[in-house]
Amino acid sequence: MIGVDLGGTKILAGILDGRGNVRRVLERETPAGGERELVAALESTIAELVDDGIAAIGLGVPSHLERGSGRVLQATNLPLAGLDLRARVHERFERPVGIENDATAAALAEWKLGAGRGASTLVVLTLGTGVGGGLVLDGELYRGWAELGHVVVEVGGPPCQGACHGRGHLEALVSGSAADRAARELWGEGADGRLLLRRAREGNPDAVACLERMGRI
């Protein structure tokens, strides 16, 4: 099967066997254009992996999903809204297609194959362009509304990003985008989270203090 993690900065796809072993990995940058360009890049990535041996395709998408249909309702950090992505991919590749919120998919993977094996309740946070959260509660994968990255942790805090208009959310304070913003505040345009991490490892006091603040949140 093919598994695809559609992120705000990269599309990560792979071929997996029936035991969850990854046989091949393909990564490319998420295009910065609109929905049409994004879907074209997603389909192109899948097309590079698909062959006669592929039985199904799974999509992890950072978005609210309509539970009955799997339709993408709205994504905070991607130009996706009101799109039946599952049907689109099924029509293109003629394979069964599953779709799930990316953080919920990560929680399922950790529960079944990773650090959460044997647990009946767990929380998974995914840190990237934004912050996602997945839950297993009393032995059941929770598929209801649970945007853990948009929990308010600082009243009156910085504005959130993308399609979200809230303030002081976890995503606005500890995501990759938050690290990029902090780096620019310290060292100007062109600085990003990678520079922040590198300077913290080198012992730069401003970088260390910034990461300590993010860690305490």
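All values derive from a computational prediction rather than experimental measurement. Because only heavy atoms are used, hydrogens play no part in the values below, and waters and symmetry mates are left out as well, while side chains stay in.
Of all heavy-atom pairs between A182 and C210, the closest is CB-SG, 3.5 Å. The two residues L49 and A13 have their closest heavy-atom pair at CD1-CB, 3.6 Å. For the pair R92 and A47, the tightest heavy-atom approach, listed with the atom from each and the gap, is NH2-CB, 4.0 Å. Heavy-atom minimum distance, A106 versus T126: CB-CG2, 3.8 Å. Closest heavy-atom contact between V124 and A107: CG2-CA, 3.7 Å. Counting all heavy atoms, side chain and backbone alike, H169 lies closest to V152 at CD2-CG2, 3.6 Å.
One finds a salt bridge joining E100 and R143 here, because a Lys/Arg side-chain nitrogen approaches an Asp/Glu carboxylate oxygen to under 4.0 Å. Between E110 and R117 no salt bridge is recorded (no basic side-chain N to carboxylate O distance below 4.0 Å). Of the charged side-chain nitrogens involved, none lies within less than 4.0 Å of a carboxylate oxygen, so that K10 and E29 do not count as a salt-bridged pair.
At a threshold of 4.5 Å between non-hydrogen side-chain atoms, the residues R213 and I217 do not count as touching. L83 is listed as a side-chain neighbour of V39, based on a closest heavy-atom distance under 4.5 Å. Counting heavy atoms from C-beta on, the side chains of C160 and H165 never come closer than 4.5 Å. D102 has its side chain out of reach of L6: every pair of non-hydrogen atoms, C-beta onward, lies at least 4.5 Å apart. A heavy-atom distance below 4.5 Å is found between the side chains of P158 and L173. You'll find the side chain of M214 reaches within 4.5 Å of the side chain of L211, heavy atoms only. In this structure, T9 and N77 have side chains that are not in contact, with every pair of non-hydrogen atoms separated by 4.5 Å or more. Counting heavy atoms from C-beta on, the side chains of P79 and R36 never come closer than 4.5 Å.
With no hydrogens or angles considered, a side-chain donor-acceptor pair links S44 and R28 at under 3.5 Å. Donor-acceptor pairing under 3.5 Å is lacking for the side chains of T45 and E48.
In this structure, CD on E171 lies 11.5 Å from CG on L125, to the nearest 0.5 angstrom. Rounded to the nearest 0.5 angstrom, S175 OG and D180 CG are separated by 8.0 Å. In this structure, CG on L196 lies 8.5 Å from CG on N204, to the nearest 0.5 angstrom. Separation of atoms CD (E35) and CG (L85) is listed at 8.5 Å; rounding is to 0.5 Å. Note that OG1 of T129 and CG of L78 are 7.5 Å apart. Values are rounded to the nearest 0.5 Å. Atom-to-atom distance recorded for D192:CG and W187:CH2 is 10.0 Å, nearest 0.5 angstrom.
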Side chain to side chain contact (heavy atoms under 4.5 Å, CB included) evaluation trace for Y142 with V123
CA-CA 10 Å; Y142 180 73; V123 177; over 6 Å; no
N21 vs L16, side chain to side chain contact (heavy atoms under 4.5 Å, CB included): CA-CA, chis, key distance, verdict:
CA-CA 5 Å; N21 299 307; L16 300 93; over 6 Å; no
Working note: E43 + R88, criterion salt bridge (Lys or Arg N to Asp or Glu O under 4.0 Å); need CA distance, chi angles, decisive distance, verdict.
CA-CA 9 Å; E43 291 181 339; R88 170 76 178 261; 2.9 Å; yes
Working for side chain to side chain contact (heavy atoms under 4.5 Å, CB included), residues L59 and I46:
CA-CA 10 Å; L59 307 174; I46 295 172; 4.2 Å; yes
Could you please spell out the steps behind the side chain to side chain contact (heavy atoms under 4.5 Å, CB included) verdict for I54 and R95?
CA-CA 8 Å; I54 297 299; R95 303 289 200 286; 4.2 Å; yes
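Environment of CZ in R24: crowded, with over 12 heavy atoms of neighbouring residues, nucleotides or ligands closer than 6.0 Å. The environment of CG in D17 is crowded: more than 12 heavy-atom neighbours from other residues, nucleotides or ligands sit within 6.0 Å.
With hydrogens and angles ignored, the 3.5 Å screen pairs a side-chain donor or acceptor of T121 with a backbone N or O of D138. Side chain of T30 to main chain of G7: a donor-acceptor pair is present (N/O by atom type, distance under 3.5 Å, no hydrogens or angles). Listed for the R181 side chain is a donor-acceptor partner under 3.5 Å among the backbone atoms of A172.
No continuous path of ILVMFWY side-chain contacts below 4.5 Å connects L141 to L65, so the two sit in separate hydrophobic clusters. Note on M1: it does not cluster hydrophobically with L26, by side-chain heavy-atom contacts below 4.5 Å among ILVMFWY residues. Cluster annotation: L80 is not connected to V131 through the hydrophobic network of ILVMFWY side chains, with a link wherever side-chain heavy atoms come within less than 4.5 Å. Taking hydrophobic clusters as Ile, Leu, Val, Met, Phe, Trp and Tyr residues chained together by side-chain heavy-atom distances below 4.5 Å, V136 does not share a cluster with L148. V61 and L108 fall into different hydrophobic clusters, defined by Ile, Leu, Val, Met, Phe, Trp and Tyr side-chain heavy atoms under 4.5 Å apart, directly or through other members.
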